[in-house]
4 protein chains.
Amino acid sequence: MSDIGHNSGEPQTGGVAADRLRSIVERVERLDQERKALGNDIKDVYTEAKSAGFDVPVIRKLIQIRAKDAAEVEEQEQILDLYRRALGM
Amino acid sequence: MSDIGHNSGEPQTGGVAADRLRSIVERVERLDQERKALGNDIKDVYTEAKSAGFDVPVIRKLIQIRAKDAAEVEEQEQILDLYRRALGM
Amino acid sequence: MSDIGHNSGEPQTGGVAADRLRSIVERVERLDQERKALGNDIKDVYTEAKSAGFDVPVIRKLIQIRAKDAAEVEEQEQILDLYRRALGM
Amino acid sequence: MSDIGHNSGEPQTGGVAADRLRSIVERVERLDQERKALGNDIKDVYTEAKSAGFDVPVIRKLIQIRAKDAAEVEEQEQILDLYRRALGM
DNA sequence: CGGCCGTCTAAGGATC
DNA sequence: GATCCTTAGACGGCCG
């Protein structure tokens, strides 16, 4: 038998599992809307940059490099932390 | 001569174009952080869904289909418009 | 050390890796030429269609829709398969 | 009245215009299939290149540069031809 | 870690 | 003929 979710004894229609599913779907859709909105905001900033005469792909590359650098700094700190714990500090 | 942005007469370092560029980069990075945070929130919801015994890929597909249906209504209207123009209406 | 391809011990110039690279580039360029030629052939057909009095954008849309319909049949089968697996069938 | 193609006096169904349209659609679809097949072939070559340890985006860039150079050579020859005709040669 | 999805770039078409 | 825009292909990130 294939029930929805874990509540094996619950009715499949109008039950708590259905409510739970609805909640999940709605929350994801809501979050995804906000996420898309931020994507549009970013696009707007790039449009503004282009209007100001900047080279947008170059700026994208620049931000990408900055993000990578930040990630590597993070990685270095994690390694440092590993060493510190290895040394009991 | 390769200047930054439109301000051809401005100094390349410390000028207004550099400030403008800095503003653009910082705004994009800020928005992108928020965007990534929302991505994590969505991931959390799916993790919760999985814990509740739901089939996550199926839920993803469900949400995808709901979004696509909305998009196709738009598309149909565009096609209808194309045909109307082809027929001189 | 930055070598070409996997052949860490090979000389960088005149080695087998260079030959391999040359082969790849030439094959891609050859295939791309044929691809561009087909694009021109398609363009010719549309030119003929226009000469015959047909509405080319509408024909393009028609072909696009036919392709999309075929793709959606595939997609539906994939979704069905997903659901079947989700239900353990 | 909106007829298909130029043959204003022909019947709209089963007429020569419908046959002509069908011919056009089928030829375009056929050519497009071959075009897509070549795209897949190219993709296969790149997959092979990747397996051999090459950096695929770099190879793409390389081919792009070569294509541009070829185009410029072509352009130079056209200009040369223009000059030759201008000089009656 | 290999494939898949969404996003970004770039090529091609429609429009003026 | 040039420009803008839309769409197909390539790249990066995410899931399985």
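Residue numbering restarts at 1 for every chain, and letters A, B, ... go by the order of the sequence lines.
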- request: With sequence neighbours left out, write down each residue that passes side chain to side chain donor-acceptor pair (under 3.5 Å) with A:Lys36, or none if nothing qualifies.
  value: A:Asp32

- prompt: Does C:Glu74 have any side-chain contact (heavy atoms from CB on, under 4.5 Å) partners at least two apart in sequence or in another chain, and if so, which?
  reply: C:Glu77

statement: To the nearest angstrom, the NZ-P distance between D:Lys50 and F:dG12 comes to 11 Å

Can you tabulate the close N/O pairs, meaning under 3.5 Å, that link protein atoms to atoms of nucleotides 13-16 of chain F?
residue : atom : partner : partner atom : Å
F:dC15  : OP2  : B:Lys43 : NZ           : 3.4

query: Any salt bridge between B:Arg30 and B:Glu26, counting N to O under 4.0 Å?
result: no

message: Measure CD/C:Glu75 against P/E:dC5 and give the value in whole Å, please.
response: 10 Å

task: Apply side chain to side chain donor-acceptor pair (under 3.5 Å) to A:Ser23 and list each qualifying residue two or more places apart in sequence or on a separate chain.
output: A:Arg27

- request: Grab the CG-P distance between B:Leu82 and E:dT15 for me, whole Å please.
  value: 9 Å

message: With salt bridge (Lys or Arg N to Asp or Glu O under 4.0 Å) as the rule and sequence neighbours excluded, what pairs involving residues 51-73 of chain A come up?
response: A:Arg66-B:Glu29

query: Which comes earlier along DNA chain E counting from the 5' end, the contact point of B:Arg85 or that of D:Gln64, where each point is its nearest nucleotide?
result: D:Gln64

field: Gap between atoms CG and P, on C:Asp44 and E:dG13 respectively (whole Å)
entry: 12 Å

field: Pairwise 5' ranking along DNA chain F for D:Val58 and C:Lys61, keeping only the more 5' one
entry: C:Lys61

query: To the nearest Å, how far apart are D:Leu38 CG and F:dA8 C1'?
result: 16 Å

- line: Sequence neighbours excluded, the answer for side chain to side chain donor-acceptor pair (under 3.5 Å) partners of B:Arg35 is none

